[in-house]
Amino acid sequence: MEWFKLPLTAQLELLNKGEVTSRSLTSYLLKRIEEKDPQIKAFITVTAEEALRAAEEADKSRGQKDHRPLLGLPLAIKDNICVRGAPTTCASKMLAQFKPPFDATVIKKLKEAGAIFLGKTNLDEFAMGSSTENSAFFPTRNPWDRERVPGGSSGGSAAAVAAGFCAGALGSDTGGSIRQPASFCGVVGLKPTYGRVSRYGLVAFASSLDQIGPITRTVKDAALLLRYIAGRDEKDSTSAPHEVPDYLSALKLNLKGAKIGIPKEYFGEGLDDEVRGKIQEALEIFKDMGLAVKEITLPHTPYAVAAYYLIAPAEASSNLARYDGVKYGLRVEGKDLIDMYKKTRSQGFGAEVKRRIMIGTYALSAGYYDAYYKKASQVRTLIARDFQEAFKEVDFIVGPVAPTPAFKLGERVDDPLKMYLSDIYTISVNLAGIVGLSLPCGFSKEGLPIGLQIMGPHFSEEKVLALGHQFEEILKLYEKYPEI
Ligand code: GLN
């Protein structure tokens with residue numbers, strides 16, 4: 001049996017029925033990682049011993065009538081989320097040796113639900129990037145075409161799921177880092193509402209934007225994982241008190257007559273023709289499903305990239321001030337304290353992280369604050385209002401995830417502006433704090449996956465997941481696998 005081809009929910013069913021033990025599923029996946037990951041490089045750390053030990057414990061406790069919902073289910077975790085005792089590097093030299101003494105809340109919750117962890121996946125350093133090429137260690141390759149990037153920053157998690165190293169992983173999304181790699185790798189990625197999932201134990205990048213979410217083979221699987229990671233957490237004051245619904249049973253919601261808005265700003269210049277074509281085909285499917293489709297406007301879209309690339313670096317420059325060689329992380333000795341700071345930060349951070357710290361520090365400095373940070377925050381409000389207005393008329397907004405399918409390794413790393421501009425369709429969702437789901441809607445002529453984005457208002461995860469699930473059951477693209 002090719003277990004790696006099974007979605008998470010199907011793996012769970014086999015485990016629950018006793019048709020496979022967690023030990024055998026886990027060692028099967030670990031073997032696949034050992035054999036195939038050298039070509040993909042999705043993982044920074046594989047925690048094989050811990051995973052096998054946890055799998056054996058899960059099998060034993062199942063025998064003693066333990067019915068925890070994710071018992072024995074193997075997952076992978078982006079390497080900016082703390083798993084106690086395992087390295088959490090953020091793909092940075094700064095944290096190369098860092099082993100957190102605690103679990104992030106999402107990890108604690110998944111452990112309580114019975115899940116086990118195969119390892120930590122690659123990312124752009126501190127989640128800053130769109131290709132995973134900014135990892136200080138190595139780039140990850142796209143399982144559909146190894147000459148191409150898997151997207152980023154959660155490229156390792158998306159590639160791991162696409163390659164069948166695991167059926168589910170966690171990522172983080174500050175400006176598209178769950179959705180864009182999911183789209184490039186032909187898998188599903190959900191950016192939940194800001195506050196839906198606790199960020200305690202997620203290494204902070206831009207705190208007003210960061211959200212943790214699932215990357216999976218199917219929308220149904222994303223609903224399953226969200227159910228167990230969502231909820232209020234005393235340790236994250238920004239987490240929302242809203243009750244956590246049963247996202248799996250919501251998948252059956254009747255959506256006939258619901259309205260989809262198509263923002264005209266998302267179909268302008270710069271959008272690849274093949275991507276445009278596949279999204280249009282998807283719209284026809286939505287109409288056949290009984291939904292109404294109408295054009296809408298999100299007029300401040302053209303300013304989203306500029307606003308994001310001030311707000312995110314500003315917050316990053318503040319968050320990354322803690323890496324000073326004193327508290328934790330890398331320390332490079334110098335002749336005095338200032339020299340030690342300089343050496344530590346010069347050697348510890350890569351080029352993109354330094355660029356963000358400089359932009360952010362500048363944007364926040366006296367005399368420039370009003371012109372940059374304050375202005376960007378005002379634009380952010382306008383972008384959020386665009387969505388509020390639109391959602392008075394429609395239930396969902398649908399568009400592309402990225403302007404093109406996966407690009408070639410090396411093609412954009414030397415042109416940061418070009419890289420930033422390709423985040424145009426994902427960034428507004430973070431600025432507004434709403435829900436964004438990326439799911440496959442087809443392949444390009446070259447055989448590269450193309451993603452579709454479904455956006456919904458705050459806390460509309462049930463409806464967004466339901467629409468995504470009902471759509472995926474028509475095309476069943478999750479049955480397709482890359483040859484590796
Ligand atoms: N590509 C965007 C950036 O570089 C988004 C990254 C993210 O969501 N973590 O900032």
Side-chain angles (χ1 to χ4, degrees), residues 77-81 90-92 121-136 139-140 149-158 169-184 189-192 194 197 199 202-215 304-320 349-360 363 376 380 401-404 406-407 411-413 415-438 451 453:
I77 305 297
K78 185 177 181 180
D79 206 18
N80 61 349
I81 298 174
C90 286
S92 178
T121 56
N122 201 14
L123 64 152
D124 289 294
E125 185 175 3
F126 285 102
M128 296 175 192
S130 313
S131 67
T132 313
E133 291 165 295
N134 294 338
S135 166
T140 296
V149 302
S153 65
S154 315
S157 284
L170 291 186
S172 66
D173 193 312
T174 304
S177 279
I178 289 177
R179 290 160 288 154
Q180 182 257 23
S183 150
F184 280 13
L190 174 71
K191 200 252 2 137
Y194 184 76
V197 178
R199 288 102 41 90
L202 167 70
V203 178
F205 164 10
S207 307
S208 77
L209 302 159
D210 299 339
Q211 219 359 238
I212 294 175
I215 296 181
V305 172
Y308 171 88
Y309 278 99
L310 284 167
I311 293 170
E315 294 182 13
S317 71
S318 163
N319 273 326
L320 270 57
F349 293 135
E352 182 60 28
V353 175
K354 286 179 188 159
R355 187 177 296 125
R356 307 268 179 129
I357 292 173
M358 286 190 280
I359 295 172
R380 178 180 193 167
V401 181
T404 63
F407 46 88
E411 195 182 294
R412 295 189 194 169
V413 262
D415 188 347
L417 198 56
K418 197 166 175 193
M419 193 78 97
Y420 298 169
L421 286 170
S422 66
D423 293 336
I424 175 74
Y425 305 130
T426 47
I427 269 171
S428 299
V429 163
N430 301 77
L431 290 170
I434 60 173
V435 183
L437 173 71
S438 166
Q453 186 172 202

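If you read the sequence from its start, that first residue is 1, and numbering goes on from there. Just so you know, these numbers come straight off a predicted model, no measurement behind them. Whatever order the structure lists them in is the order used to number ligands and atoms, beginning at 1. Reckoned from all heavy atoms, side chains included, excluding hydrogens, waters and symmetry mates.
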- prompt: Side chains of E315 and S208: donor-acceptor distance under 3.5 Å anywhere?
  reply: yes

query: Taking only residues two or more places apart in sequence, or in another chain, which ones meet E133 in a salt bridge (Lys or Arg N to Asp or Glu O under 4.0 Å)?
result: none

field: Partners meeting salt bridge (Lys or Arg N to Asp or Glu O under 4.0 Å) with D79 (sequence neighbours left out)
entry: K120

statement: For K191, the side-chain hydrogen bond (donor to acceptor under 3.5 Å, both in side chains) test, sequence neighbours excluded, returns none

task: Tell me the residues surrounding ligand 1, counting only those with a heavy atom closer than 4.0 angstrom, sorted by chain and number.
output: A127, M128, G129, S130, S153, D173, T174, G175, G176, S177, F205, Y308, Y309, R356, D423

- prompt: If every non-hydrogen atom of T121 is compared with every non-hydrogen atom of S157, which pair is closest and at what distance?
  reply: OG1-OG, 2.8 Å

query: Between S154 and S177, is there a donor-acceptor pair closer than 3.5 Å when you use the side chain of the first and the backbone of the second?
result: yes

